[in-house]
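Throughout, protein chains are lettered first and strands after them, A, B, ... in sequence-line order, and every chain is numbered starting at 1. Reckoned from all heavy atoms, side chains included, excluding hydrogens, waters and symmetry mates.
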Amino acid sequence: MSLWVDKYRPTSLSKLDYHKDLAEQLKNLIQSGDFPHLLFYGPSGAGKKTRIMAMLRELYGAGVEKLRVEHQTFETPSKKKIEITTVASNYHIEINPSDAKNNDRVVIQGMIKSVAQTQQLDAISQKNFKVIVVMELDRLTKDAQHALRRTMEKYISTCRLILCCNSTSRVIPAVRSRCLGIRVAAPTADEALLHGVCKKEGLTLNQELAVRIAEQSKRNLRRALLMCEACKVQQYPFTPDQPVSEAEWEIYLRETAAAIVEQQNPKRLLEVRARLYELLCHCIPPDVIIKGLLSELIVNSDGQLKTEITALAAFYEHRIQMGRKAIFHLEAFVAKFMSIYKRFLDEGMAAMDFM
Amino acid sequence: MQQTTTELAGKKINMSSEIMPTDGERKSSSNVSVPWVEKYRPRSIDDVAHQDEVVSVLRKCLQGADLPNFLFYGPPGTGKTSTILAAARHLYGSDIYRSRVLELNASDDRGIQVIREKIKTFAQLSVANQRPDGTPCPPFKIIILDEADSMTHAAQAALRRTMEKYSKTTRFCLICNYVSRIIEPLTSRCSKFRFKPLPENILLHHLSAISEKENLDCDKQALRNIISISEGDMRKAITYIQSVSRLYNDKRITSERIIESAGVTGLYFSIASATLVIPDALIDSILETCRLNSYEKLDKIIQNVIADSYSAYQLLSQLHDKIVDVDELSDKKKSFLAQMMAEIDKCLMDGADEYLQMMKLCSHIMQQVCAGE
Ligand SMILES: Nc1ncnc2c1ncn2[C@@H]1O[C@H](COP(=O)(O)OP(=O)(O)OP(=O)(O)O)[C@@H](O)[C@H]1O
Ligand SMILES: [Mg+2]
């Protein structure tokens with residue numbers, strides 16, 4: 001049994017439930033095979049991947065859904081072997097550069113060249129180019145991005161790139177110049193979508209619960225579907241006031257924030273550190289952790305302090321991006337918050353004494 | 001590397017498939033379909049728009065004058081690569097192009113070793129001053145080092161000696177976006193040409209010509225709209241005009257359609273920093289929210305801006321323009337905010353989280369707007 005998220009991923013452009021006109025336009029765009037490289041960008045959960053897959057299907061037919069896992073080996077100039085696992089069909093290859101870490105330049109170049117060198121003319125699709133889908137382009141090192149410049153142009157007749165990222169700030173201008181950017185905004189009215197999915201499952205969803213799930217999902221469709229499915233497991237038939245269950249790590253993160261607000265001392269800092277480690281070990285990205293903490297800590301602070309703490313979070317998140325180990329900066333953030341917060345509490349006390 | 005394409009459906013022709021700059025007509029008659037940027041890449045240096053200085057120098061070379069070493073630099077899509085490829089094609093024609101022109105780019109391994117070996121072997125061979133068929137051609141070879149800015153400094157230093165040693169038989173053309181990353185001893189050995197962003201009238205002329213060739217029904221205003229979001233980048237301008245003409249089934253381009261495809265529907269042409277604007281109303285409502293002095297409301301609106309995947313850069317620059325005119329803010333407060341904006345700009349460059357940076361900025365704007373002096 002598959003999760004609803006996967007089960008109801010629309011497979012063709014015309015079936016996409018939201019941004020209908022975008023789907024239509026994409027269809028027109030790719031109809032004659034001379035479209036440029038594409039750069040899809042938008043927040044996670046907005047449906048970029050779904051849209052890319054639907055587009056590939058439009059291009060090549062159902063054959064693109066016959067996926068296989070491939071192992072490829074690349075060699076760096078210093079003769080180091082790098083093994084990469086990719087998902088591919090006869091028509092496209094999908095890669096995630098973060099798998100290649102610092103050798104992503106070698107991997108992506110090798111990939112493009114090997115695809116480009118076997119020119120194919122497919123009898124069914126009548127397309128003579130293959131597509132390389134690069135997920136998480138913003139994780140690609142600058143070195144690898146710079147190396148893409150001429151390669152993207154040289155092999156364009158046999159190899160089209162579809163790039164995908166959350167934010168374009170990390171994409172170098174020369175790569176942006178070579179692509180058509182396609183903004184994929186997160187869907188707004190996803191209650192409707194939830195109703196739709198529930199109906200297909202033969203369930204009735206009440207409007208109150210749908211609205212609450214939609215709200216809590218913060219415009220993240222994937223999250224909304226996961227939450228909805230979790231609700232169903234917990235209790236069916238649905239009631240309007242049933243709790244919307246969150247992911248375990250979200251609860252854990254909230255408890256961590258509560259622990260920070262409760263006490264500010266070295267012992268507590270140590271405990272919090274252990275919890276942060278735990279979160280990182282479960283692959284929760286550090287920026288998600290820091291944003292999660294912020295949204296909880298803010299609730300316990302008043303006006304002036306809110307601004308200060310937001311600036312603090314922004315400062316340490318920047319450090320995380322620049323630095324090497326996230327835990328250092330997460331911990332520093334907590335420590336700094338504790339000291340500011342304690343000062344704030346003490347000042348509050350002093351003012352009370354004075355009165 | 002391992003070959004994985006053996007089980008491909010359909011026919012497979014093993015051939016070098018890079019777009020050769022030499023075959024003028026290319027395989028466009030068969031069903032090789034390339035985007036318009038490649039289709040309309042200048043074939044001769046006379047087709048290169050706006051870069052008159054370098055074109056006139058090259059024209060003299062084509063008439064027989066000696067060629068200096070070149071360094072081309074400038075922003076993307078201004079014609080650097082096209083210019084040198086066109087010139088090389090002109091100099092050598094398609095028959096001896098391969099033996100006379102070596103193109104290396106950042107995708108090729110260009111460590112010191114390669115500079116020493118590959119370039120040396122190519123540069124060493126002396127060449128005749130005529131083609132096999134007897135027509136004259138220059139007595140030297142050209143090595144094009146595209147994307148030279150991603151060569152290590154050590155490799156650049158190695159290049160410096162090579163350049164001198166083979167100066168009789170070889171000319172170099174270095175191309176880059178960022179000239180500051182090329183070491184001084186190299187830049188001083190080259191004639192430097194800056195490729196300027198293309199001005200609006202040139203872009204307009206070029207796009208009009210393309211739209212005529214492609215039989216597009218395209219009004220002037222629409223072209224102007226495309227140009228205004230292209231930032232002097234011809235490549236972007238061509239990509240845009242092709243894409244807009246494809247989005248709808250007829251070949252009509254109107255300014256409404258451009259605005260429509262750019263804004264609401266999600267096909268948003270502005271991926272670069274200062275291209276298509278965020279709706280003014282949205283900027284105003286952010287500022288209005290700042291006046292309410294409610295962090296929660298601010299949080300909500302910023303979350304939505306991010307979820308709509310507007311670029312934080314764009315928001316930053318538009319807020320910057322607006323802040324100047326906000327009456328409640330004293331000059332002192334404005335300069336405080338301006339300083340913060342500069343820092344945030346740097347952080348965004350470094351890849352910091354857009355939501356956090358925007359919240360930092362807006363909550364400070366809120367504080368400054370609502371607090372007394
Ligand atoms: N000056 C120009 N005149 C005519 N067409 C141009 C000019 N500049 C760019 N173009 C168009 O843009 C495309 C890309 O140009 P080119 O590859 O020469 O840019 P570049 O300066 O090398 O950019 P980059 O720095 O990103 O490599 C060309 O195929 C051509 O269609
Ligand atoms: Mg170039």
> Can B:K360 and A:E317 be said to form a salt bridge (charged side-chain N to carboxylate O under 4.0 Å, His left out), step by step?
Replying inline: CA-CA 12 Å; B:K360 172 179 168 183; A:E317 195 275 335; over 6 Å; no
>> I'd like to verify something: which residue of B:C370, B:C362, B:A352, B:S294 has the highest number of heavy-atom pairs under 4.5 Å with chain A?
In response: B:A352
So which of [options] has the biggest tally of heavy-atom pairs under 4.5 Å with chain B?
options: A:K291, A:Q321, A:M322; value: A:K291
options: A:L294, A:D138, A:I298; value: A:I298
options: A:P43, A:A174, A:G63, A:C159; value: A:P43
options: A:S295, A:S32, A:A88; value: A:S32

> Given A:F35 and B:R246, is the side-chain contact (heavy atoms from CB on, under 4.5 Å) satisfied, shown in steps?
Replying inline: CA-CA 9 Å; A:F35 62 93; B:R246 288 291 153 72; over 6 Å; no
[X] versus chain B, heavy atoms under 4.5 Å apart: side chain, backbone, both or neither?
X: A:I320; answer: neither
X: A:I108; answer: neither
X: A:I309; answer: neither

Do you know the tightest heavy-atom contact between [X] and [Y]?
X: B:D353; Y: A:D287; answer: OD1-OD2, 3.8 Å
X: B:S150; Y: A:R149; answer: OG-NH2, 3.7 Å
X: A:R160; Y: B:S33; answer: NH2-O, 3.0 Å
X: B:S243; Y: A:P36; answer: OG-CG, 4.1 Å
X: A:S157; Y: B:V34; answer: CB-CG1, 3.5 Å
X: A:S177; Y: B:R235; answer: OG-NH1, 2.7 Å

>> Is there a side-chain contact (heavy atoms from CB on, under 4.5 Å) between A:F315 and B:L356? Walk through the geometry before answering.
In response: CA-CA 9 Å; A:F315 177 81; B:L356 286 176; over 6 Å; no
>> Just to be sure I understand the criterion: a residue of residues 296-303 of chain B counts if one of its heavy atoms is under 4.5 Å from a heavy atom of chain A. Which ones qualify?
In response: B:E296, B:Q303
Contacts table for residues 300-308 of chain A: side-chain donor-acceptor under 3.5 angstrom, sequence neighbours left out:
| residue | atom | partner | partner atom | Å |
| --- | --- | --- | --- | --- |
| A:S301 | OG | A:L297 | O | 2.8 |
| A:Q304 | OE1 | B:Q367 | NE2 | 3.3 |
| A:K306 | NZ | A:S301 | O | 3.3 |

>> Is B:N177 in contact with chain A via its backbone, its side chain, both, or neither, using a 4.5 Å heavy-atom distance?
In response: both
> Side chains of A:H318 and B:D350: is there a donor and an acceptor less than 3.5 Å apart?
Replying inline: yes
>> Tell me if a side-chain donor or acceptor on B:Q242 pairs with a main-chain N or O of A:D34 at a distance below 3.5 Å.
In response: yes
